[in-house]
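Numbers here simply count residues along the sequence, with the first being 1.
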Amino acid sequence: EGVQFSSPTDIALWRDWESWPYENPIDPDSFLYESGNGRLALFVSDTGNHRIRKITGDVIVDQGSGEKRWINVRVECFAGRCNSTPGPGYSDGPKKVSRFDSPHGITVTSDGESL
């Protein structure tokens, strides 16, 4: 079953820095994705559905062309009453029970688990 976004308004990008060998990341593409083992997560403010969506996948590099592609893409509800009918509300708490009223701006923590 596909996910239908309703008026997405903002995104936050998370990168897996686990494999980064340098103290200060400057150009992640130069290392993380050359070998094809990088991980990305894109968080989207799904404003009309009053939720935050998380899009994940694996980055691979085509050895012939050098083109980077996102494969095994998955879209899930990350926060905002994920297992119920979308509706506005205000409630702090764990990501699966929290509620939003038309979320707009978002940011993500360095571990990719909290907004």
Side-chain angles (χ1 to χ4, degrees):
E1 181 178 321
V3 173
Q4 185 168 345
F5 288 88
S6 178
S7 304
T9 57
D10 199 11
I11 61 170
L13 177 67
W14 174 83
R15 295 181 189 228
D16 178 7
W17 295 106
E18 237 175 70
S19 303
W20 188 254
Y22 309 110
E23 187 174 321
N24 296 312
I26 296 171
D27 181 11
D29 280 346
S30 67
F31 176 79
L32 276 182
Y33 308 120
E34 275 183 13
S35 61
N37 65 351
R39 291 187 310 147
L40 292 173
L42 185 66
F43 294 85
V44 180
S45 291
D46 191 358
T47 303
N49 285 321
H50 311 286
R51 294 182 171 152
I52 305 298
R53 305 277 186 186
K54 181 179 180 181
I55 305 170
T56 57
D58 302 307
V59 177
I60 64 164
V61 177
D62 182 294
Q63 297 304 319
S65 68
E67 179 181 307
K68 297 169 186 138
R69 295 183 309 141
W70 214 8
I71 63 168
N72 303 321
V73 176
R74 296 166 301 282
V75 179
E76 65 182 280
C77 180
F78 182 75
R81 287 185 57 190
C82 294
N83 296 321
S84 64
T85 303
Y90 297 104
S91 178
D92 289 337
K95 59 188 175 188
K96 297 293 183 185
V97 297
S98 58
R99 294 185 69 185
F100 304 98
D101 187 359
S102 304
H104 281 76
I106 59 173
T107 188
V108 64
T109 57
S110 62
D111 64 3
E113 292 299 319
S114 301
L115 300 173

Could you measure the distance from the CG atom of Leu13 to the OG1 atom of Thr107? Nearest 0.5 Å is fine. 10.5 Å

Do the side chain of Ser91 and the main chain of Ser98 share a donor and acceptor less than 3.5 angstrom apart? no

Atom of His50, atom of Phe100 and distance for their closest heavy-atom approach: CB-O, 3.3 Å

Donor-acceptor contact present, side-chain Arg99 to main-chain Pro88, <3.5 Å: yes

Any non-hydrogen side-chain atom of Arg74 less than 4.5 Å from a side-chain atom of Thr56? yes

dist Asp10:CG -> Ile106:CD1 (nearest 0.5 Å) comes out at 5.5 Å

Take Ser45 and Ile52, measure what side chain to side chain contact (heavy atoms under 4.5 Å, CB included) needs, and give me the verdict at the end. CA-CA 5 Å; Ser45 291; Ile52 305 298; 4.0 Å; yes

Residue pair Pro8 / Val44: nearest heavy atoms and the distance that separates them: CB-CG1, 3.7 Å

Over 12 non-hydrogen atoms of neighbours within 6.0 angstrom of CG in Asp92: no

A quick test of your reading: do over 12 heavy atoms of other residues, nucleotides or ligands sit less than 6.0 Å from CG of Asn83? no

Has Asn49 got a side-chain atom pairing as donor or acceptor with Gln4's backbone, closer than 3.5 angstrom? yes

Look at the side chain of Ser7 and the backbone N and O of Thr47, then say whether any donor-acceptor pair between them is shorter than 3.5 Å. no

Under a 3.5 Å distance rule, please check whether Arg51 uses its side chain to pair with a backbone N or O of Asp46 as donor and acceptor. no

